Every structure is written in structure tokens, then in C-alpha cells.
Amino acid sequence: MTIQERLHRIWATLPEGVQLVAVSKFHPAERIQEAYDAGQRIFGESRPQEMAAKAEILPKDIEWSMIGHLQTNKVKMIAPFVSMIASVDSDRLAVEIEKQAAKFNRTIDILLEVHVADEETKSGWDINELRAYIASGAFESMPHVRVRGVMTIATNTDDEQIIRRDFQNIRDIFNEFKPLFGATFDTLSIGMSDDYPIALEYGSTMVRIGTAIFGQREY
Ligand SMILES: *Cc1c(COP(=O)(O)O)cnc(C)c1O
């Protein structure tokens, strides 16, 4: 199947209003161009250098979403053009995004990455720390950061019940935070190639799909 055919299959399964982030990390710009020509506009990358290099040569109306762990000192590489930073997992990172967004006179959309999976290795906020952080009013002093929602990666397992538990958890967290941020807090980013049909059942508004569009990545 071509990238175009795979995209059409996936679009057909997404309810109206659900956004598709085509995760293009480790794939060359030509493959992204193919997806773009098929009509895809949002692309996800996990490394700032790679994203910046691709953004330089690809169409300017692409919306770039940073989905991987982002080091504070790398924010400035993507701040001039990035649409969304979907992996905000610390105060330091949020503060740096505010600083860089202000410098470029932009507002940057972010998602709060929450740790709900079993693996300790996964990144994201501990839910209690995040609750306390939000309650401290930290985001009120960040006018250039717009908190759009939450994101997580479910436990890597074949046990569907565990995946469902993780998605239920993040959905509850999304609903808990929504009244605190208001109408612009509208994004629940869950679901990857293997688990996005389940994520849709839990109200995902943004799936992040790589392998099912571009094939296996070469590391
Ligand atoms: C790589 C990655 C994806 C895409 O994973 P696939 O299994 O290839 O669909 C989605 N979300 C995040 C955070 C990723 O790092």
C-alpha cells in the first residue's frame, strides 16, 4: 500500500473532529511530502534538529507537533515555527517555552504529558505533582503558552485491559482539568498505530500514528 492509501484508510476510521498527527520521525522528507500531497497537514517529530531541518525544506503550511521528550536547551530551535509541543512534562520546560514563545512574539500550544503507564521509564508528569503544579497558578504567568489538553502513551502490552485502564485514567484526568482551563482545553491526545481504535472509544481527539502510515522506522 502507498502512503496515500494508508492515509485514506485511517482517515476513514476517524470520527469527525479527531485530528491525525502523522508521526514522521526517522522518515525522510520525501515521504512526508508524499503524505502532504495526499492532503495530510499535521506531522509529529520527536527530535528538534530533525524537525527544524525538515521544516526548512517542506511546505510552510505544515503544522509541526513535537511529540518526543524535549530538552529545555532545544526549545529555541523549534520555537519560531512549531505548532504544538505535545510532551510538556516539567516546570522548567513550560517556563522555557513561555520565554522562547515571547521572544518570537508567538503563542505556542502545549499538551501536558501525564504518566499513567506501568513502565517507570515512560516520561510524563506524576498526576499528583501535576495537580499541585496547576493549582499553584503557574500557567497564569505564561501568556504565550496555551494549554490545549493532555497526552499520554499507554503501557506497551498485549493486554488490552491494561491499555483500556490507561486510557480511562487519562480521560478522567482530561475531564478533571477541563474546567480549570476552559474552552481552549479541548485536546485528548491518545492512540498510536497499535491502539488508536481503542483510544477512539475513550474519546481521543488527536491520534498520533507513525508506523501504520509510513511503515517501520529505521533507528
Ligand atoms: C513514535 C511515537 C508515536 C507513533 O508510534 P507508532 O506506533 O509508529 O504509530 C506516537 N506517539 C509518540 C509520543 C511517539 O513517540
Side-chain angles (χ1 to χ4, degrees), residues 1-3 5-14 18-29 31-32 34-35 38 40-51 54 62-71 74-75 78 82-90 93 97 109-125 130 148-160 162-163 166-167 169-171 173-174 187-219:
M1 252 194 286
T2 64
I3 286 177
E5 287 165 342
R6 290 178 181 180
L7 275 170
H8 279 280
R9 287 201 179 193
I10 292 166
W11 287 332
T13 66
L14 300 180
V18 175
Q19 291 189 300
L20 170 63
V21 178
V23 178
S24 50
K25 62 188 184 193
F26 302 97
H27 293 290
R31 310 280 285 166
I32 301 174
E34 259 180 87
Q40 178 64 29
R41 289 294 178 272
I42 309 175
F43 292 89
E45 291 282 337
S46 60
R47 298 187 299 190
Q49 295 94 326
E50 186 177 341
M51 178 188 277
K54 288 171 172 174
I62 286 179
E63 293 173 41
W64 294 99
S65 186
M66 174 52 61
I67 59 167
H69 178 69
L70 181 58
Q71 285 174 273
K74 303 276 174 65
V75 174
I78 59 171
V82 72
S83 286
M84 175 175 271
I85 298 178
S87 44
V88 175
D89 58 1
S90 71
L93 181 55
I97 295 169
D109 284 347
I110 68 162
L111 299 179
L112 301 168
E113 181 173 3
V114 186
H115 183 264
V116 298
D118 285 340
E119 300 101 332
E120 284 303 322
T121 49
K122 288 237 165 89
S123 49
W125 293 87
L130 179 56
R148 295 294 302 272
V150 291
M151 166 297 210
T152 201
I153 305 175
T155 305
N156 184 11
T157 173
D158 291 330
D159 185 342
E160 192 177 308
I162 293 178
I163 295 169
D166 289 351
F167 287 159
N169 272 339
I170 191 75
R171 180 199 189 142
I173 291 165
F174 174 72
T187 306
L188 173 58
S189 177
I190 48 174
M192 307 176 22
S193 291
D194 287 339
D195 59 18
Y196 80 88
I198 305 173
L200 292 172
E201 289 182 41
Y202 289 83
S204 175
T205 69
M206 179 181 275
V207 294
R208 311 176 308 266
I209 300 181
T211 313
I213 298 170
F214 296 106
Q216 291 297 326
R217 291 177 284 273
E218 289 180 26
Y219 291 91

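In listed order, ligands and their atoms are each counted from 1. Here the structure is a predicted model, which means the values were calculated and not measured. Along the sequence shown, the residues carry numbers beginning at 1.
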Check each atom of ligand 1 against the heavy atoms of [X] and keep those under 4.0 Å away; list them by number with element.
X	answer
Ile209	9 (O)
Met151	13 (C)
Thr211	6 (P), 7 (O), 8 (O), 9 (O)
Gly210	4 (C), 6 (P), 8 (O), 9 (O)
Lys25	1 (C), 2 (C), 3 (C), 14 (C), 15 (O)

Under 3.5 Å: donor-acceptor pair, side chain of [X], backbone of [Y]:
X	Y	value
Glu50	Arg47	no
Ser65	Ile67	no
Ser123	His69	no
Ser87	Gly68	yes

| task | Pick whichever of Glu45, Arg208, His69 has a heavy atom sitting closest to atom 10 (C) of ligand 1. | result | Arg208
| Which bit of Asp194 is near ligand 1, meaning a heavy atom under 4.0 Å away: side chain, backbone, both or neither? | neither
| query | Quick one: does Ile67 get an N or O within less than 3.5 Å of an N or O on ligand 1? | reply | no
| said: Could you tell me if the side chain of Thr13 sits less than 4.5 Å from the side chain of Tyr196, heavy atoms only? | reply: yes
| Any side-chain heavy-atom pair from Ser83 and Trp64 closer than 4.5 angstrom? | no
